[in-house]
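In what follows, a structure is listed as structure tokens, so that the remarks can point back to it.
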Amino acid sequence: MGSEGNSTNKKLRFLCLHGFRTSGEILKKQLVTKWPESVLEKLDLVFVDAPFPCKGKSEVEGIFDPPYYEWFQFNKEFTEYENFDECLAYIEECMLKHGPFDGLLGFSQGAILSAALPGLQDNGVALQKVSKLNALIIIGGAKLRNQSVAEKAYSSVIQCPSVHFLGESDFLKQYGVELLDSFAQPLVIHHPKGHTIPRFDEEGLKSMLSFLERMQEVAGMEKK
């Protein structure tokens, strides 16, 4: 348990990037219903919709109501992208409009983007008008597979503090494990579920709270 002094720490502001063909509202519902107040009270979460309306069937149809959105489009091998630069510009616009932000929280396609953005920012490819990303929360992530983008995103070890959720039965788990190699000191929280926003077990909750408290301390020191 943290000390009473932690309650005075400022909430960490995260821009939340939802999964492919879902929406900010859907991600909000998933997080708020599954994550405990002890985690949520440390976070100031801003949910936005991706820039492009869904161009095909959504996996969440019948579970969550439309509209659905996607961040960018890709081929079957995930190696060629459409509207990727527009997507990066849109995320920067959201950060300028709703920020400043301490970091990014992403799920699925949003997690793949979030994990790539610190490297793209450091290499001058994205987010040049906003402050440096200080923290990442990656749920069901993977690496970008477009070669020219990947070269810039993962060219050096990503120093940005990060927490990665890996689901035992997530179809992306193997790729989420590969992503860890690109980070200096990733915190990993395992859960038994598939490709979804997980609930916390006791150990995972302890790790998450410790990570957030550490980030709050860093944010507090930087503001002094």
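There is a side-chain donor-acceptor pair under 3.5 Å between Ser182 and Lys143. For the residue pair Lys34/Thr196, the side-chain donor-acceptor check at 3.5 Å is satisfied.
In this structure, Phe47 has no ring pair (Phe, Tyr, Trp, His ring centres under 6.0 Å) partners at least two apart in sequence or on a different chain. With sequence neighbours excluded, the residues satisfying side-chain contact (heavy atoms from CB on, under 4.5 Å) with Lys55 are Arg21, Glu70, Gln73, Asn83. The ring pair (Phe, Tyr, Trp, His ring centres under 6.0 Å) check on Phe211 picks up nothing, with sequence neighbours excluded. Residues passing the side-chain contact (heavy atoms from CB on, under 4.5 Å) test with Ser108, sequence neighbours excluded: His195. Shown here are the side-chain contact (heavy atoms from CB on, under 4.5 Å) partners of Pro67, two or more places apart in sequence or in another chain: Tyr69. When the side-chain contact (heavy atoms from CB on, under 4.5 Å) test is applied to Glu77, the partners found at least two apart in sequence or on another chain are Asn75, Thr79.
Side-chain atoms of Asn123 do not come within 3.5 Å of backbone N or O of Val125 as any donor-acceptor pair. For the pair Gln121 (side chain) and Leu127 (backbone), a donor-acceptor distance under 3.5 Å is present. In this structure, Thr22 contributes its side chain and His18 its backbone to no donor-acceptor pair below 3.5 Å. Between the Gln216 side chain and the Leu12 main chain, no donor and acceptor come within less than 3.5 Å of each other.
Using cut-offs of 30° and 60° for the angle between ring planes, the His191 and Phe165 rings count as tilted.
For Trp71 and Phe52, the ring centers sit 6.0 Å or farther from each other. Here the two rings, on Phe74 and Tyr81, have centers that are 6.0 Å apart or farther. Aromatic ring centres of Phe183 and Tyr154 lie farther apart than the 6.0 Å criterion allows.
Summarising the local packing, NZ of Lys28 is surrounded by 12 or fewer heavy atoms from other residues, nucleotides or ligands at distances under 6.0 Å. More than 12 heavy-atom neighbours from other residues, nucleotides or ligands sit within 6.0 angstrom of CD on Gln128.
Salt-bridge check for Glu93 with Lys97: failed, with every basic side-chain N at 4.0 Å or more from each acidic carboxylate O. For Arg13 and Asp44, the salt-bridge test passes: some basic side-chain N is under 4.0 Å from an acidic carboxylate O.
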Would you sort out whether Gln109 and Phe72 count as a side-chain contact (heavy atoms from CB on, under 4.5 Å), showing the intermediate values? CA-CA 9 Å; Gln109 192 184 32; Phe72 59 94; 3.5 Å; yes
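In this structure the side chain of Glu86 never reaches within 4.5 angstrom of the side chain of Pro51, judged on heavy atoms. Contact of the Ile139 side chain with the Leu105 side chain is registered, since non-hydrogen atoms from C-beta on lie closer than 4.5 Å.
In this structure, Arg145 forms no cation-pi arrangement with Phe78, as its terminal cationic atom is not both closer than 6.0 Å to the ring centre and no more than 45° off the ring axis.
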